[in-house]
Amino acid sequence: MPAVSKGDGMRGLAVFISDIRNCKSKEAEIKRINKELANIRSKFKGDKALDGYSKKKYVCKLLFIFLLGHDIDFGHMEAVNLLSSNKYTEKQIGYLFISVLVNSNSELIRLINNAIKNDLASRNPTFMCLALHCIANVGSREMAEAFAGEIPRILVAGDTMDSVKQSAALCLLRLYKTSPDLVLMGEWTSRVVHLLNDQHMGVVTAAISLITCLSQKNPEEFKTCVSLAVSRLSRIVSSASTDLQDYTYYFVPAPWLSCKLLRLLQCYPPPEDGAVKGRLVECLETILNKAQEPPKSKKVQHSNAKNAILFEAISLIIHYDSEPNLLVRACNQLGQFLQHRETNLRYLALESMCTLASSEFSHEAVKTHIETVISALKTERDVSVRQRAADLLYAMCDRSNAKQIVAEMLSYLETADYSIREEMVLKVAILAEKYAVDYSWYVDTILNLIRIAGDYVSEEVWYRVIQIVINRDDVQGYAAKTVFEALQAPACHENMVKVGGYILGEFGNLIAGDPRSSPLIQFNLLHSKFHLCSVPTRALLLSAYIKFINLFPETKSTIQEVLRSDSQIRNSDVELQQRAVEYLKLSSIASTDVLATVLEEMPPFPERESSILAKLKKKKGPGAVSTELEEGKRDGGELNGGAERGVDAAAAIASNASTPSPSADLLGLRSAPPVGSAAPSASSLLVDVFSEAGPTAPSGVMDDNFLSDLEPPSEASDSLLVEAPSDSDSAPNSSSFGSEESAPPLPESDELLNKFVCKNNGVLFENQLLQIGIKSEYRQNLGRMYLFYGNKTSVQFVSFSTSVSCPGELQSELNIQAKQVEPQVEGGAQVQQVINIECLADFLEAPLLNIKFRYGGALQNITLKLPVTINKFFQPTEMSSQDFFQRWKQLNLPQQEAQKIFKAKNAMDSEVLKAKLLGLGTALLENVDPNPENFVCAGVIQTKAQQVGCLLRLEPNAQAQMYRLTLRSSKDTVSRRLCELLSEQF
Amino acid sequence: MIGGLFIYNHKGEVLISRVYRDDIGRNAVDAFRVNVIHARQQVRSPVTNIARTSFFHVKRSNIWLAAVTKQNVNAAMVFEFLYKMCDVMTAYFGKISEENIKNNFVLIYELLDEILDFGYPQNSETGALKTFITQQGIKSQPQTKEEQSQITSQVTGQIGWRREGIKYRRNELFLDVLESVNLLMSPQGQVLSAHVSGRVVMKSYLSGMPECKFGMNDKIVIDKQGKGGATDDSGKSELGGSSGKQSIAIDDCTFHQCVRLSKFDSERSISFIPPDGEYELMRYRTTKDIILPFRVIPLVREVGRTKLEVKVVIKSNFKPSLLAQKIEVRIPTPLNTSGVQVICMKGKAKYKASENAIVWKIKRMAGMKESQISAEIELLPTNDKKKWARPPISMNFEVPFAPSGLKVRYLKVFEPKLNYSDHDVIKWVRYIGRSGIYETRC
């Protein structure tokens, strides 16, 4: 660039600037500027034409005044005139003024564009550069419209100077960023890519920025750049530090270019061509090797440049995620940086490690640094580095180190910065849940969490702990004990009160035996916190109280007293008042039976994705989500979540209202879908529980929203409240079940059994006198079945007794315990029986249920098959296509396979089929079978003795209305039995 | 009450910092600098609230005086104090400038100790202060005990503003009525708003402890007298009533502390024992029947986009025998003015680019005359389509009468102890009317 010669300096400008600098006050400055502006105006107005020098000087002054913050509304014309000058300095000032002050209106833009066009067409490289810079600086849409076609031509023209090419590339990049639709590469693409081979390093650097940006938009077109970039990179990496002369920065050859090349490569998957890939791996190895070499200079610039390349290379390695060797090396290299003096390096190392931890190859390697990371969390002074350390701990956590990491994070939480506490809380909660082997540990951890950082514990966290406690029988007692102890602290967080209220309300009975935690003590403890809590918590506590009435009848009077007090029953808050009134009435009117049914223990929640996880994702944005997903992929079945995923799918079906599964109505009341205990309406209630709105039951009547926050599946029970007294025939839904059950009851028929293969709830049996409803749930090798005996007559049944028997071998295979029912069944009433089932080994037959009672003196004796089939103990298993076929091949013994070809009994609707297969209890695997018509399922049958893996394939043939069903499992009897059962279903 | 007082120079450097209360910390100093002196936008409000702390500031040339408080104080009191403080400093060392303040910082701290005690304003009468705070440095011989006790008894006594035993050979008295007249007028000559704020300033050189009584043509007093005197002389009151110019309606007034307010409240008579030397006896404001000394008639014509013709006529509107002085008319010009040609019949006119205005100066002008200026303004075409805002034409002048119509009727001096009567006192009365903000829209 030609230097401004001394004699060309503008004296007037210098004087003006020094005048302004010397002004004592703002007023004086404004006066001076006004004077100068008037002067310039009179000069510009003057009749005689100004020479280039004075024009330049005045334009410069105007520019200076503008930059001081004053409005300039004239002088544009003079600036445009300067553009056509032949002197560099004049042209430069003109362009400067235009770049800074031009606004896209006005006629001037045409003149400006014209001047720029002339300069671009000139052969003078300096002028061309000035014009390009101006276009880039203004970068408006108008500019893009005018020049988007011109610039690529300059860029790829053979005779263009290097410096102009550089400017053109960057200018084009800028235009592309402002208006991508106007910059059409098309024919230029390949020539632009070939700029990577340019002799001049500056051109390559500029071109790479452009190519990176363009290739992000249309990667296909620029695919060829990969091999070019790799060869360029290898040339740079392998060059000695002296080879590249001007482009060697503190002994590092072309660091910026290397970084950009590596970044460009990150836009593409690993190269398919073996040679290219080999070369690239070689480059990456060289870069890693160089990092190990002693530094050639002690200057910080040297190490900065070197590390910049290294980190970019590691990002690329992580991006490829296919070279175990490199990944481990990268991890080790980062490990060294973890203890580096430079804070920035530590930060970057932690950040990169976070992504490394999610790769299956380097996860173990990352884990070796756990101690260092923990100490970083504890001792690091910089908060952002601590945050990264916490992220990394989260990322590297798995079953082996979960306890340690969670403990560390908990202890860090006490001193953590407020800004990251909530996120930390979520992470601890997720880790604790995901890797919990021992659920008492999980409960401890979460309660600790609430104790330490109660304010930061979001709703989702404590919802989750309750969900888990409810779903795990084994921790309920422990949880009750722990919350009871925690509540005894003089000051405890409101969230703790919520958890405590809920858990004691549900499981207080489990610790009531201990005199130290007798029912009354429990109640008083809870009630002592009542007045310190907010309205939603109070509402929850009221529900807990009514549950207490059910659990401990001895507390009834005390609690009624509390509910009756003016502060409850006349509370100004509508919600509290409504609850108090309703609970009080409920407790005084309803019989113990009704109460027991209404306030029955919460059934397990349907498993689904942890709401906490969703919250964390929301918080962290899309980046974190992908990490999560990768993690999920890697951990596979190891996670608790993994095992639960199948149930998840089932729950999805349950909530899918369009499922046309022909589910029989439970006592003709409401559609009860086949999965677990979660009826669709119930699950919508569950949604209520987990949505913030929570208890917003609008009406005062006892509708099914009434207990919404505590009684999700209360449908059966509250329907009792409403419907039981009326004749079931008059129920509006009765017609539907009537039509479905029109077939005459066939006692001891397998048909009844078959009806329940794919569903858990429904009407088992019905005749003029009696209706038997069934509701069952299974978990692993355990099952619980609720039988509802409804007296359809208006006369009392007497001597009502039921018994369940296991004929023959079944005795050793199933363990069934049935609670006794009351001997009288009132006319129109319903009694409930609970049957607990444990599967010891796989079985073929079904247990028998015998019912005897007297109706009007006549003895009735009915024997039925209980719908307990082997498939009830399925645990769904998700697996990839590869896994599936691998296992399929492993189970290749002839006896392991059972196959049946049969004719379709019902319409071949794929949705119905899906629902049935899911109802079976297996996981329906999508995208596994090459033929999308076919269905493929996988599951594990859990018995006490062993677990039987089972794979299923159903191939419908729509033309022939035939199915071919193939089952393979590790046990031949299981295959056959399942095949038998299933063939009746379709 | 005032928590602290700071004086800054124009750069925001603290020259004087006096903190009276603990609730004002050191950071208050910086808060004011950052938020007011160096604020991005010019701070126009004299009261600024920053972090529950109130800053009251006045500016004298390049010097900022700021009083700081955390309490809910009477803002008028604080400003009154600040003005008084400026007066005191001016009385001690002349113009308030950075240099003067730096040179007299010890004196200023001494004064601050005296006139403000724990944030409560004390005696700020210059005359009284000068008796015990002097600029002579420490005298080799300390004041005698008698002198000291005399000062003490005077300063703490009932009449703290005047010491006893003053003797003059010639008893003399100067009385100035200083008024500034403010006006905003529409182009058509309608008065949009007008008021006069006036001061009565006295300089007295009287012996002993004289009792003075000041009388003026206050409407209330005249009417009362007219009523009372209606029995003995009805013609006189009629005359006063019919002329209307005989009395003026004062909207509000404030007095020097020496005036006995109880007497003013009951009889509306202004009687006082004056301080020695110069002081401001009263301040007042009137809005009715104002005599506007000048009338400005503007005529602005735009000729195309590049030319503007301006013609301004001023008419003096008072007795032809009187002479107005220091007349200055300021005609704003558009921001894109590139050249100006002016023709005026009287005085000198010049285009001042730095102020974006034509300034027309006339040294003297008699009453009932008129004068004219015409200017041609050339404009530079601009990209902006913004219209010129046309700021009003403003004017400055000085006239030898009170535009409010106030007249001093009498000033009586009684000194029973010493042997001189009202007639022996030489009295001088002077009226000066100045322009305040005197603007006419164009």
Side-chain angles (χ1 to χ4, degrees), chain A residues 16 19-48 50 54-55 58-59 61-63 65-66 68-81 97-98 100-112, chain B residues 8-13 33 36-44 59-64 96-99 304-308 330-342 350-359 375-389 391:
Chain A
F16 173 59
D19 275 1
I20 295 233
R21 296 261 157 87
N22 289 334
C23 280
K24 279 262 159 53
S25 65
K26 191 118 188 155
E27 291 76 38
E29 184 184 311
I30 289 173
K31 275 190 177 172
R32 180 71 183 89
I33 286 171
N34 278 338
K35 194 176 154 198
E36 194 61 45
L37 282 177
N39 176 36
I40 298 171
R41 278 196 299 261
S42 65
K43 283 286 188 318
F44 282 173
K45 177 79 182 183
D47 300 329
K48 57 173 192 270
L50 289 170
S54 12
K55 236 184 233 170
Y58 293 130
V59 166
K61 280 181 180 175
L62 286 179
L63 193 56
I65 292 169
F66 177 76
L68 280 177
H70 300 265
D71 276 341
I72 296 294
D73 49 10
F74 64 99
H76 297 74
M77 197 58 217
E78 283 71 19
V80 172
N81 287 343
F97 188 90
I98 298 295
V100 174
L101 265 140
V102 86
N103 40 11
S104 52
N105 66 350
S106 84
E107 326 68 75
L108 281 181
I109 214 87
R110 257 186 37 244
L111 291 172
I112 295 168
Chain B
Y8 301 86
N9 66 6
H10 72 284
K11 288 183 210 151
E13 289 163 348
R33 177 182 35 242
V36 179
I37 301 180
H38 290 162
R40 206 159 290 166
Q41 265 92 36
Q42 196 192 347
V43 176
R44 287 183 153 179
K59 214 181 158 196
R60 286 281 178 271
S61 65
N62 269 335
I63 299 297
W64 301 72
I96 299 176
S97 66
E98 186 178 348
E99 206 187 331
R305 278 190 65 200
T306 58
K307 208 168 170 191
L308 201 67
R330 180 176 290 263
I331 305 160
T333 56
L335 292 174
N336 56 344
T337 306
S338 63
V340 178
Q341 271 95 47
V342 208
K350 205 180 166 190
Y351 167 58
K352 286 204 169 169
S354 59
E355 290 153 39
N356 282 323
I358 298 168
V359 180
E376 264 182 32
I377 301 172
E378 282 177 81
L379 303 176
L380 192 75
T382 61
N383 302 344
D384 277 2
K385 299 286 179 281
K386 263 187 296 180
K387 265 207 95 168
W388 180 42

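Within every chain, numbering begins at 1; the chains are lettered A, B, ... in the order of the sequence lines, protein sequences first and strands thereafter. Because only heavy atoms are used, hydrogens play no part in the values below, and waters and symmetry mates are left out as well, while side chains stay in.
In this structure, A:Ser42 and B:Ser338 approach most closely via the heavy-atom pair CB-O, 3.1 Å. Contact detail for B:Asn356 and A:Arg41: the closest heavy-atom pair is OD1-NH2, 3.9 Å.
Atom CG of B:Asn62 is separated from atom NZ of A:Lys24 by 8.5 Å, given to the nearest 0.5 angstrom. Atom CZ of A:Phe74 and atom CG of B:Leu335 lie 10.0 Å apart (nearest 0.5 Å). The distance from the CD atom of B:Glu355 to the CD atom of A:Glu27 is 12.0 Å, given to the nearest 0.5 Å.
Between A:Lys45 and B:Thr306 there is a side-chain heavy-atom pair separated by less than 4.5 Å.
In this structure, no portion of A:Lys26 lies under 4.5 Å from any heavy atom of chain B.
Heavy-atom neighbours of B:Lys11 NZ from other residues, nucleotides or ligands within 6.0 Å: at or below the threshold of 12.
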